[in-house]
Amino acid sequence: MGFIHRVSSYLRKDRFQVPPQDERIGKIDEGALSILSAFRREGKEAFVVGGCVRDLLMGRIPNDWDITTSARPEETMAIAGRQGWKAVDGGGRRFGTVIVVVYGQNYEVTTFRREVYGQDSHRPEEISFSDTLKEDVSRRDFTVNAMALDRDGVLYDYFDGLSDLEHKRLRTVGNAADRFQEDALRLFRACRFLGQLDFMADSSLVEGMKSAFPRVSGLSLERVRDEVDKLIVTSHAARGFDLMVRTGLADCSCRAKEKGIFTDIPILPELSHLVGLPQQKEFHKYDGWYHTLAVLEASKPVLVNRWAAFLHDVGKGMPGIRAVRKGKLTDYGHDTKGAEMARGILTRWKRPTPFTDRVVWLVENHMKFHYFANVPEADGLKWIRSMARNKVFSSSRDMAEAFVQMTDLGNADIIGCGKELSDTEGHSAFGRYMEKLALSMPVSTHELHYGKEVPEALGPYVAEGMQNLLLRVQNGNLENTPEVLHEAAIRYKRRRDNEKRNT
Ligand code: ATP
Ligand code: MG
């Protein structure tokens, strides 16, 4: 069924302000519009397609403008050449795609394609050119990603994507089970789009997922990680993770290749025990899973903060942690246990060590931060000093950054218990105080404020002397200023000389 909208007056305006046809043309990016016009003049069909059309109809700003055309790559190259545009053929890895540069911006212009899937869990076995737009959009994953727009603003919508868009519904193009089995990465893309678009999964999509789970084992860790990372920073990440965990997708394993050997990498099975996990009512409005999701969405949408929020309570409810004390549910030690589990997850996901260390530190210390923020007698300075001495962070700037992230986590944790934004004020103030303290606390001798007179004054004792000065600054016994450090260095040398003479 070819479904082409030439009029759009019937569109429901209550959900999205879908632009009428005339307005759509104006909203297509200028470079893309020039490409569509040039192809039209040369007798070729060309459309903007996929994510950019979806975003435009939703009133969002598209990331990039993909173009699909009846022209073969060599024809695209020739048309671009005649326009004086630079064009590069994507070659084997990017079958049928030519990058065309217009007004300094890159556009991917891809010939209509069809794809046949086989053994591989993600990549098609065969790709060939096709002659119709309809065939090209049929291979795309979701109905809202399968719409195309021509240079006159006419929308080509063969799978009712517009209706799904208006209902905020994610639905596969064609049979969900088949589409997920073809390319199992679409399972993760589905979760990501729920978070990105604030959509609900259509029941047909959910029902079609399970049969493709065996295919997840053939996906590479890199691809899964990329999708999950994209999802975790979206504004409605809870939607995507709820689908991932409740359907059991999170319990599947993908794979990583190391020294030629594949190993299974479980995705996120550690999270499913939180679903329905009861929590003590006075402190918590939600069960463990909804609390986690609420904290996730309340945290700042950057990777470190989001991963820390996502994993902050993962230790709750674990054997040896969950207890009933005086008739109340408790999870003492869930921070330490959670930190251990977070390290396990992030290490197996092959994240860079500094990233893992930071998330683990946040999970491990989130209860301590709450305690310090809530109890006036708790000595924040003592905490900072002990961390500086123990070299938990490589610089005071690093330590300060960690406290900014911790404040975000602490506040998100409060919101995730069903409290108000105003309830986070105390935590925010304490966080700012800790950040300031951290910035003024040297972590290494490089952060001592001294000139060359200090090492000169220490003479043969320079290494141990500098460590001594650092420790005394960290303990609050010396000021971190050139004059004070110089004097202390002179005294240190004198004392050591004396000691030497007396032994
Ligand atoms: P984003 O806003 O994240 O860029 P997008 O929809 O543009 O979202 P891309 O991954 O850039 O997503 O892909 C561009 C288009 O290509 C999609 O809209 C979809 O039509 C199609 N597509 C991409 N990946 C797949 C896939 N794995 N299976 C089917 N179609 C896909
Ligand atoms: Mg895109």
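Atoms within a ligand are numbered from 1 in the order they appear, just like the ligands themselves. Since we're looking at a predicted model, the values are computed, not measured.
Residue contacts with ligand 1 leave out Phe142, since none of its heavy atoms falls under 4.0 Å from the ligand.
Protein heavy atoms come within 4.0 Å of atom 16 (O) of ligand 1.
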- Message: Show, in sequence, the C-alpha distance, side-chain angles and deciding distance for Phe112 and Thr68, and conclude whether the side chain to side chain contact (heavy atoms under 4.5 Å, CB included) test is met.
- Response: CA-CA 6 Å; Phe112 295 155; Thr68 186; 3.2 Å; yes
- Item | Worked verdict on Glu227 versus Cys191 for side chain to side chain contact (heavy atoms under 4.5 Å, CB included) | CA-CA 9 Å; Glu227 277 303 330; Cys191 299; over 6 Å; no
- Message: Set out, in order, the CA-CA distance, both residues' side-chain angles and the distance that settles side chain to side chain contact (heavy atoms under 4.5 Å, CB included) for Arg41 and Arg82, then state yes or no.
- Response: CA-CA 12 Å; Arg41 285 195 300 274; Arg82 286 194 283 278; over 6 Å; no
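For ligand 1, the atoms sitting less than 4.0 Å from at least one non-hydrogen atom of Arg192 are 1 (P), 3 (O), 8 (O), numbered in the order shown with element in parentheses. For ligand 1, the atoms sitting less than 4.0 Å from at least one non-hydrogen atom of Gly50 are 18 (O), numbered in the order shown with element in parentheses. Near Gly51, with a cut-off below 4.0 Å to any heavy atom, the atoms of ligand 1 are 5 (P), 6 (O), 7 (O), 18 (O). Here is the list of ligand 1 atoms found below 4.0 Å of a heavy atom in Gln196: 1 (P), 2 (O), 3 (O).
Scanning all protein heavy atoms for the shortest distance to atom 29 (C) of ligand 1 gives Asp141 N, 3.2 Å. Taking atom 20 (O) of ligand 1 as the reference point, the nearest protein heavy-atom neighbour is Asn145 O, 2.9 Å. Nearest protein neighbour of atom 28 (N) of ligand 1, counting heavy atoms only, is Arg186 NE, 2.8 Å. Nearest to atom 4 (O) of ligand 1 among the protein's heavy atoms is Asn63 ND2, 3.4 Å. Taking atom 8 (O) of ligand 1 as the reference point, the nearest protein heavy-atom neighbour is Arg54 NH2, 3.5 Å.
Salt-bridge annotation for Arg246 and Asp242: present, with a side-chain N of the basic residue lying under 4.0 Å from a carboxylate O of the acidic one.
In this pair, Tyr156 and Tyr158 present their aromatic rings tilted. The plane angle is within the 30 to 60° band. Ring planes of Phe142 and Phe193: perpendicular class, angle over 60° (limits at 30 and 60°). Classification of the Phe369-Phe430 ring pair by plane angle, with boundaries at 30° and 60°, yields tilted. Using cut-offs of 30° and 60° for the angle between ring planes, the Trp349 and Trp307 rings count as perpendicular.
Tested against Asp141 for a salt bridge (Lys or Arg N to Asp or Glu O under 4.0 Å), the candidates Arg189, Arg179, Arg54, Arg192 yield a single pass: Arg189. Residue Val100 is tested with Val88, Thr76, Asn106 for a side-chain contact (heavy atoms from CB on, under 4.5 Å); the sole match is Thr76.
In Asp183, the part holding a heavy atom less than 4.0 Å from any atom of ligand 1 is the side chain. Proximity of Phe180 to ligand 1, defined as any heavy-atom pair under 4.0 Å, is not found for any part of the residue.
Closest to atom 23 (C) of ligand 1 by heavy atom, among Arg140, Arg189, Glu227, Met147, is Arg189.
Close N/O approach between Tyr117 and ligand 1 is not found [any backbone or side-chain N/O within under 3.5 Å]. Where the criterion is an N or O separation shorter than 3.5 Å, residue side chain and backbone included, Asp66 fails it with respect to ligand 1.
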